[in-house]
> 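Dumping the structure here so I can ask a few things about it.
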Amino acid sequence: TCSPSGLNDASHEFYEVKIYPNPVTSELHLKALLPITSVEIFNTQGQLLKAFQPQEKECSLPAYDLPIGLIFVKATSVDGRNHMVKVIKH
């Protein structure tokens, strides 16, 4: 059998980022097992709309002024790993 290596190490755990609610209206919440060093929000054309440097495992970000429709939220952990999620903004 083949088993993926490193599934139990802490760096893999960052991929368990929770980004909620989805859809979002006024505030976006992020929660991870490792500190989040940066959060970037992009539109569907790849343009950066907002950037934050929370340096925490949990954070809340204002979303009220984001454009309505599909956005992409990219979170980066302290070890440089990225997690990107599609979010609907209402």
> Once you round to the nearest 0.5 Å, how far does CD of Gln45 lie from CZ of Phe72?
9.5 Å

> Is there a side-chain contact between Leu70 and Ile88 in this structure, where contact means two heavy atoms from C-beta onward sitting under 4.5 Å apart?
yes

> Working to the nearest 0.5 angstrom, can you tell me the gap between Leu48 CG and Glu40 CD?
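Leu48 CG to Glu40 CD: 5.5 Å, rounded to 0.5 Å.
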
> Output side-chain donor-acceptor pairs under 3.5 Å for residues 24-36, partner residues at least two apart or in another chain, one line each.
from: His29; atom 1: ND1; to: Ser60; atom 2: OG; distance (Å): 2.7

> How long is the span from the OG atom in Ser38 to the NZ atom in Lys74, to the nearest 0.5 Å?
7.0 Å

> What residues form a salt bridge (charged side-chain N to carboxylate O under 4.0 Å, His left out) with Glu56, not counting sequence neighbours?
none

> How long is the gap from CG on Leu49 to CZ on Phe42, to the nearest 0.5 Å?
8.5 Å

> With rounding to the nearest 0.5 angstrom, report the CG to NE2 distance, Asn22 to His90.
8.5 Å

> Is Thr76 reaching over with its side chain to a backbone N or O of Thr37, donor-acceptor style, under 3.5 angstrom?
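A pair under 3.5 Å: no.
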
> In residues 61-69, what donor-acceptor pairs under 3.5 Å come from side-chain atoms, sequence neighbours left out?
from: Asp65; atom 1: OD1; to: Lys50; atom 2: NZ; distance (Å): 2.6
from: Asp65; atom 1: OD2; to: Lys50; atom 2: NZ; distance (Å): 3.3

> Can you check whether Val87 reaches Tyr20 side chain to side chain, under 4.5 Å on heavy atoms?
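No - every pair of side-chain heavy atoms lies 4.5 Å or more apart.
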
